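Notes to accompany the following structure.
What you see is a predicted model; the values in this text were computed from it and never measured.
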Amino acid sequence: MSAVTTTGAAVTLAPAKDTPQVRRRRRLSPGRRLPAARLAGPVLLLALWAAASAAGRLDPAAIPAPWTVVRTGAHLWTDGTLPTDILTSLQRAATGFAIGLVAGVLLALASGLSRTGEALIDGTVNLNRAIPTLGLIPLFILWLGIGETFKVAIIAIVVYIPIYLNTHAALAGIDHRFVELAEVQGLSRFAFVRQVVVPGALPGFFVGLRLGVTGSWLGLVVLEQINATSGLGYLMFQAQNYGQSDVILVGLVVYGVFGLVSDSAVRLVERRVLSWRRTLSS
């Protein structure tokens with residue numbers, strides 16, 4: 001833009017001063033959450049699997065087509081095999097998970113809120129973490145027998161370790177100024193735990209909970225192949241002996257669905273409980 005000035009009959013154009021431009025703010029956040037975005041990866045993987053099977057790029061004996069797996073799963077469901085095995089696996093996983101959840105939370109509270117508890121518990125749990133949990137199977141069989149008890153115990157150990165570690169880390173990370181404020185306000189021990197400890201520990205607790213849910217399924221698939229007569233792991237082990245790769249894939253798909261659904265349920269509860277937080281993911 002230029003300014004117009006007149007001197008007699010002459011007209012001259014004088015350059016105007018540049019107007020300051022407003023700098024647009026650069027957006028750095030990931031943006032809005034897309035609906036059902038977590039299903040995009042599994043759906044893409046399924047589409048690639050189907051396309052490769054239809055094009056004859058996959059050996060049907062090693063990796064059957066998706067429609068073959070669906071037919072096998074439907075057959076196992078109608079003859080009653082799959083529902084029985086799923087129910088058995090769910091009972092084992094739920095029992096071990098419940099025990100591990102309670103143990104992890106109680107140990108984390110005892111260790112995080114007391115120096116004596118930390119001295120007695122934290123080192124022991126970290127020692128347990130350093131030992132491969134599945135390596136404890138032979139010892140637990142000697143202690144508890146070959147039945148259901150040792151399977152539930154191993155799942156509980158797999159679950160309680162991540163819950164303890166993440167909850168304890170969250171407790172240790174609570175700002176000490178909040179503790180001092182609670183002391184100044186004269187809060188009781190119960191009020192301190194409810195108003196300071198629980199909100200501060202919940203983010204870490206949910207991280208450990210998600211890892212514990214996943215760990216329960218990972219441990220289950222191994223344990224059900226040891227002297228089991230039912231369960232998804234047993235079904236897959238028997239299918240391996242007979243070379244039934246479609247049955248093995250049915251078991252893997254069911255495990256995957258259970259893992260995805262349980263993780264999504266924990267995420268949903270986490271968003272509801274921690275709705276007061278403003279984070280990058282929210």
request  = Would you mind listing every salt bridge (charged side-chain N to carboxylate O under 4.0 Å, His left out) that reaches into residues 188-199, with sequence neighbours excluded?
outcome  = none

For residues 138-165, run the donor-acceptor check on the side chains, cut-off 3.5 Å, and write out each pair with its distance to 0.1 Å, sequence neighbours left out.
| unit_1 | atom_1 | unit_2 | atom_2 | d |
| --- | --- | --- | --- | --- |
| E148 | OE1 | R92 | NE | 2.7 |
| E148 | OE2 | R92 | NE | 3.3 |
| E148 | OE2 | R92 | NH2 | 2.7 |
| K151 | NZ | I146 | O | 3.4 |
| K151 | NZ | G147 | O | 3.2 |
| K151 | NZ | I226 | O | 3.3 |
| Y160 | OH | N128 | ND2 | 2.8 |
| Y164 | OH | S111 | OG | 3.1 |
| Y164 | OH | D122 | OD1 | 2.8 |

ask   = Going hydrophobic residue to hydrophobic residue with side-chain gaps under 4.5 angstrom, can you get from W217 over to V222?
value = yes

message = Starting from V198, can I reach V269 by hopping between I/L/V/M/F/W/Y residues whose side chains sit under 4.5 Å apart?
response = yes

query = Between the side chain of T72 and the main-chain N/O of V247, is any donor-acceptor distance below 3.5 Å?
reply = no

Side chain to side chain, V179 and F192, heavy atoms closer than 4.5 Å = yes

task = Measure the spacing between CD1 of I121 and CG of N126 and express it to the nearest 0.5 Å.
result = 12.0 Å

ask   = L268 versus S264: any side-chain heavy-atom pair under 4.5 Å?
value = no

Residue pair T167 / F205: nearest heavy atoms and the distance that separates them = OG1-CA, 3.5 Å

ask   = Should F258 and L252 be counted in the same cluster of Ile, Leu, Val, Met, Phe, Trp and Tyr side chains packed under 4.5 Å apart?
value = yes

ask   = Tell me, do D85 and V254 make a side-chain contact under 4.5 Å, heavy atoms counted?
value = no

query = Which atom names give the shortest non-hydrogen contact between P66 and W49, and what distance separates them?
reply = CG-CD2, 3.6 Å

request  = May I ask you to test the I137-L223 pair for a side-chain heavy-atom distance under 4.5 Å?
outcome  = yes

ask   = Do P60 and T68 touch side chain to side chain, with heavy atoms closer than 4.5 Å?
value = no

key: R57: partners by salt bridge (charged side-chain N to carboxylate O under 4.0 Å, His left out), with sequence neighbours left out   = none

message = I'd like to check L181 versus V196 (side-chain heavy atoms, cut-off strictly below 4.5 Å). Are they in contact?
response = no

request  = Output the distance between atom CD (E183) and atom CZ (F178), rounded to the nearest 0.5 Å.
outcome  = 14.0 Å

query = For S245 and A61, which heavy atoms make the closest approach, and how far apart are they?
reply = OG-O, 2.9 Å

key: Non-hydrogen side-chain atoms of D246 and L249 separated by less than 4.5 Å   = no

message = Within this structure, what is the CG-OG1 distance for the pair L120 and T116, rounded to the nearest 0.5 Å?
response = 7.0 Å

query = What distance separates S262 OG from L209 CG, expressed to the nearest 0.5 Å?
reply = 9.5 Å

remark   = Rounding to 0.5 Å, atoms NE2 (H75) and OG1 (T81) come to a distance of 7.0 Å

ask   = Given the rule that I, L, V, M, F, W and Y join up when any side-chain heavy atoms are under 4.5 Å apart, are L90 and L218 in one cluster?
value = no

task = Could you tell me whether the side chain of S89 and the main chain of L232 form a donor-acceptor pair under 3.5 Å?
result = yes

task = Start with the C-alpha distance between T88 and Y234, add both sets of side-chain angles, then the distance that settles side chain to side chain contact (heavy atoms under 4.5 Å, CB included), and finish with yes or no.
result = CA-CA 10 Å; T88 302; Y234 170 76; over 6 Å; no

message = Do Q238 and N241 have side chains that approach each other closer than 4.5 Å (heavy atoms only, starting at C-beta)?
response = yes

query = Can you check whether V221's main-chain N or O pairs, donor with acceptor, with Q225's side chain at less than 3.5 Å?
reply = yes

query = Of the non-hydrogen atoms in L76 and P83, which two are nearest, and what is the gap between them?
reply = O-CD, 4.0 Å

key: Residue pair L220 / A93: nearest heavy atoms and the distance that separates them   = CD2-CB, 4.1 Å

ask   = Going hydrophobic residue to hydrophobic residue with side-chain gaps under 4.5 angstrom, can you get from L48 over to L260?
value = no

task = Apply the test side chain to side chain contact (heavy atoms under 4.5 Å, CB included) to residues V250 and W77: give CA-CA distance (whole Å), side-chain angles for both, the deciding distance (0.1 Å), then the verdict.
result = CA-CA 11 Å; V250 168; W77 184 271; over 6 Å; no

key: Point-to-point distance, once rounded to the nearest 0.5 Å, from CD1 of I63 to CD1 of I248   = 11.5 Å

query = Can we say E118 and R115 salt-bridge, meaning some charged N sits less than 4.0 Å from an Asp/Glu carboxylate O?
reply = yes

